[in-house]
Undergrad: 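My questions all concern the structure below.
Start at 1 and go down the list; that is how both ligands and their atoms are numbered.
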Amino acid sequence: MLEQLLIFTRGGLILWTCKELGNALKGSPIDTLIRSCLLEERSGDLSYNYDAPGAAYTLKWTFNNDLGLIFVAVYQRILHLFYVDDLLATVKREFSQVYDPKRMEYYDFDDVFRQLQKEAEARAEELKKSSKLQFGGNRQTNIQSKKQGQAVIGRRSDGGNQKSNGSDKDGGDKDSIVSRKLLNGNSNGHQNGIETYATGDGKGKENRESEAGAFDVNKLQKKLRSKGGKKTDTTTITNKAPKVDSNKKITKKNRVWDDAPTQPKLDFTDPTDERGDDNYEVVATDHGKSMMDKEEIISSDDESEDEDEEVGQDNKPNPKKTGWFSSMFQSITGKANLEKADLEPALKALKDRLMTKNVAEEIAEKLCESVAASLEGKKMGSFTRISSTVKTAMEEALVRILTPKRSIDILRDVHAAKEQGKPYVVVFVGVNGVGKSTNLAKVAYWLQQHKVSVMMAACDTFRSGAVEQLRTHARRLNIPIFEKGYEKDPAVVAKEAIQEAARNGSDVVLVDTAGRMQVWSCV
Ligand SMILES: Nc1nc2c(ncn2[C@@H]2O[C@H](COP(=O)(O)OP(=O)(O)OP(=O)(O)O)[C@@H](O)[C@H]2O)c(=O)[nH]1
């Protein structure tokens, strides 16, 4: 059973909760979701697990970015409620229609929600039944094929190598059910497809169900999109084996500008000659390709100016229909409401950029997913490029992550540490030569002025002169210094310095460290 459904604004104003579900949630799952997931730019995740004493919840959410609304559903993790995504989508749709920023109470939404929940449950039940039937049919086909000793070819996207032996047959069914559901555009069918598959499969598959569940299908959906072959490819694969002409080279066509004057024919070479000379053709193709590659590299470095154009091309099935002015206008203004596909090129460029700045791929991926989630469905401002919108959203996300979640009052924290009998430790880190040691001395002086006893720890055991430099500051300020010379493990020196400070009653330990190269500079 659903435990809670909550609608609130990005500013934190709760607009509606389901009173019937009650407020008996254990712990504070919503707060934790906001703090640990949404504010940490992990809103691109599919769900969030929250464990409280005596309860394990799964939370799912969706946004209306245009109105700045967040919809969160909470349910017991053990239940695997497959209708939740569907319910959230319908609640979002219905609530967005009645939402008024000046209105605070939405009591009349109770009835609407009740109805939506019933409908979502009924839909899920129906899909479950139909998937069961479908699964039964598929299973029978497989058994028949097996009896006849034939391989079931063309069911999977791996080129149809799957054979209908006992261990493989389920995989083949699963894929075909899932792909069919995806192709039908049925957002919930896939969940039921998996569920039916798992239940019909007996005990051993239950684990796989919980692992795969709705999430695997979403991953699959993502994969299908990112493969470029997209849904049409899947259809081909499902129905018949794909025909790939390996000899045919894919060459990029020259871009034709809408307003470009018609070129007179300049190439007078006889195409039949080219066809006759194999060598010439190969050289020409390779040369052309390398030039294209160069162009791609340059354009990708160039702040992805072309990204929007590519998007525009994707969204315009027939570019001839739009004139120069309308195509330029669309490239500037973009679409009214952003869709995931519009954001993908710009996000990919940003992800690559983050990775070149030494951000781990997984983190870059998660950040991009989160930015996509925060922009999807949002109305673009006039004369705004998609790439700049994405860049701004990414900047905001990074600032949100890097902004401390609480105000830092060093003196208050120093006294708090003192009450606990521990020294307060400040570690100075940064790239080479930014002024770590100098500022350490300044902070030491400031603390002295506030009657705080300070000790310095010389943990730059790498740069020659660093220990002497700190010693000079310490002598001038008349502050004790803990030093162990050079080529020592700085972490060990710092640990010993803190132990020493605890022994001699110093309130604060200021740790100087060696500079690090600029590899972690900002994007
Ligand atoms: N103008 C100016 N110079 C500064 C400031 N802080 C530090 N410096 C100078 O910058 C140079 C490097 O300062 P340090 O404090 O040694 O920098 P560091 O980060 O400890 O250097 P490494 O340990 O080598 O990474 C020195 O010549 C300082 O005098 C400042 O606030 N203003």
Undergrad: Looking only at atom types and distance, does a side-chain atom of Y48 sit under 3.5 Å from a main-chain N or O of S36, one as donor and one as acceptor?
TA: no
Undergrad: Test: salt bridge (charged side-chain N to carboxylate O under 4.0 Å, His left out). Region: residues 419-447. Which pairs qualify, not counting sequence neighbours?
TA: none
Undergrad: Looking at the rings of Y106 and F95, which for Trp means the six-membered one, are their centres under 6.0 Å apart?
TA: yes
Undergrad: What does the 4.0 Å heavy-atom contact list look like for ligand 1?
TA: N432, G433, V434, G435, K436, S437, T438, K442, D460, R463, Q469, G515
Undergrad: Taking only residues two or more places apart in sequence, or in another chain, which ones meet E483 in a salt bridge (Lys or Arg N to Asp or Glu O under 4.0 Å)?
TA: R471
Undergrad: Using a 6.0 Å distance limit plus a 45 degree cone around the ring axis, check whether R476 lies over the aromatic ring of Y445.
TA: no
Undergrad: Can you list every pair that meets ring-ring contact (aromatic ring centres under 6.0 Å, His included) and has a residue in residues 409-440, with sequence neighbours left out?
TA: none
